[in-house]
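Here it is, the structure, as structure tokens.
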Amino acid sequence: MLNQRMIQLGTNRSAIRELFEFGKHYEHDHGEGSVLDFSLGNPSAPLPEVAEKVMRELIGVKGVHDYTSAPGDIAARKLLAASLDRRFGGEFTFNHLYMTMGASAALTIAFCALTSEEDEIVLLAPYFPEYMVFAQRAGAKVVVVSADEEFNPDFEQLERAINPHTALVVVNSPNNPSGKVYSRATLERLADILTAKSQEIGHPVYLVSDEPYREITYGAEVAWIPSIYPDTVVCYSWSKSLSLPGERIGYVAVNPACRHADDIIAAVAGAGRSLGYVCASSLFQRVVASLPDTTCDVNVYKTNRDLLYTALNGMGYHCISPDGAFYLMVKSPLGDGQDFSDRAKELGLLIVPGESFGVKDWVRIAYCVPKERIERAIPLFEKLAPAHE
């Protein structure tokens, strides 16, 4: 019998992917540039030249295309663990890292490793929609905690949400879709709640920190969460920091200070095996291990952010200036984000309604696009501006 759940997932894409695919087909039929697509977080900053150089040097090296150990190449993991220790501390070893096909694989592995049947995963709105799919794959129930108008968590609601079935809380800072960078004070309050709740319910509530935008910031401090809350598992990807989204390379890092760290490491390896996520790209394991402190030019995104935010703010839109990532959330002047997304689509603007992110009155604009696309879009946003409603 066919798996009806898989058929549903295969035929009903996320709102992000639906718009992206619409744009691709529309441009195919009507010509390049016929729509202005702000749907997908596809990095536009160029790949650093040093990364291209490393790839060229490695591609013909003997053994670089062979299988590695299931968790990843040991030499690469040693270099990456040393980088984490150098930058953040924490006594990481190669055994604490499991190399993955990007952050999506890392999150799915982490969810499967840290949950059992009947367990719950808490998401802080706004959140990346695919968390829902990853949680369902793990067999876990999802509980969503709301945010305020500045996209800070509702901590009172969080305290009520945590119960004996709670296995983990997901935090994403810098955040997709809002660009929010949680302050150290916010993360410390979160840690205090999880510490108290873990003691109250008799088992650790783990924190899964989803960090593909760690280096994409505009002056804000991105706190190293394992130093604030020991029971943290980090999921990372080089898709954004090195502009390598299509190469699908990332990791799961188990904080050495986690309770039951050895069992978590074993569970991560077991989840990777069960899901078929063994031996990420051997070439790109070596590429990223050679460039642990290299990032793309973030100024490309800052320029776009400043241009878009200043223009929309001047038109009367309510939007929150992002401190990181490359997304801008705009409050729908029509009240409902889907209505505003549909209206924009009629003008050839593809922006994602916020319901998928747990904030239905907003829309997300991915500004990781050529600057010229933003300049062409500004007059269309002017037509949709609140003053014109």
Next item on the list: State whether the side chain of Asp85 and the backbone N or O of Glu91 hold a donor-acceptor pair below 3.5 Å, judged by distance alone.
Entry: yes
Next item on the list: Count the heavy atoms belonging to other residues, nucleotides or ligands that lie under 6.0 Å from CD1 of Ile201, then report whether that count exceeds 12.
Entry: yes
Margin query: Both conditions, 6.0 Å and 45 degrees, for the charged tip of Arg364 above the ring of Phe357: are they met here?
Written below: no
Check: Of Glu200, Glu120, Lys197, which meets side-chain hydrogen bond (donor to acceptor under 3.5 Å, both in side chains) against Asn163?
Finding: Glu120
Checklist line | Glu52/Arg56 salt bridge by N-O under 4.0 Å criterion | finding: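 So Arg56 pairs with Glu52 through a salt bridge.
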Note to self: I'd like to know whether CD of Gln338 has more than 12 heavy-atom contacts from other residues, nucleotides or ligands below 6.0 angstrom.
What the structure shows: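 Buried by this count: over 12 neighbours within 6.0 Å.
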Notebook entry, point to check: Salt bridge or not for Asp306 and Lys302, using N-O below 4.0 Å?
Noted result: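 Between Lys302 and Asp306 there is a salt bridge, with a charged N closer than 4.0 Å to a carboxylate O.
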Check: What is the distance from atom OH of Tyr98 to atom OH of Tyr251, rounded to the nearest 0.5 Å?
Finding: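 Interatomic distance, Tyr98 OH to Tyr251 OH, rounded to 0.5 Å: 16.0 Å.
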Next item on the list: Using atom types as modelled and distance alone, determine if a side-chain donor or acceptor of Asn255 lies under 3.5 Å from a backbone N or O of Gly90.
Entry: no
Note to self: I need the Phe111 CZ to Thr115 OG1 distance, nearest 0.5 Å.
What the structure shows: 8.5 Å
Notebook entry, point to check: So how far is it from Ile351 CD1 to Ile16 CD1, rounded to the nearest 0.5 Å?
Noted result: 13.0 Å
Next item on the list: Establish, yes or no, whether a centroid distance under 6.0 Å links the rings of Tyr213 and Tyr301.
Entry: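 No: the rings miss the under 6.0 Å criterion.
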Notebook entry, point to check: CZ/Phe381 to OH/Tyr317 distance, rounded to the nearest 0.5 angstrom?
Noted result: 6.5 Å
Check: Do Glu215 and Arg87 meet the salt-bridge criterion of a basic N to acidic O distance under 4.0 Å?
Finding: yes
Check: Would you find a donor on one side and an acceptor on the other, under 3.5 Å apart, between the side chain of Ser44 and the backbone of Pro370?
Finding: no
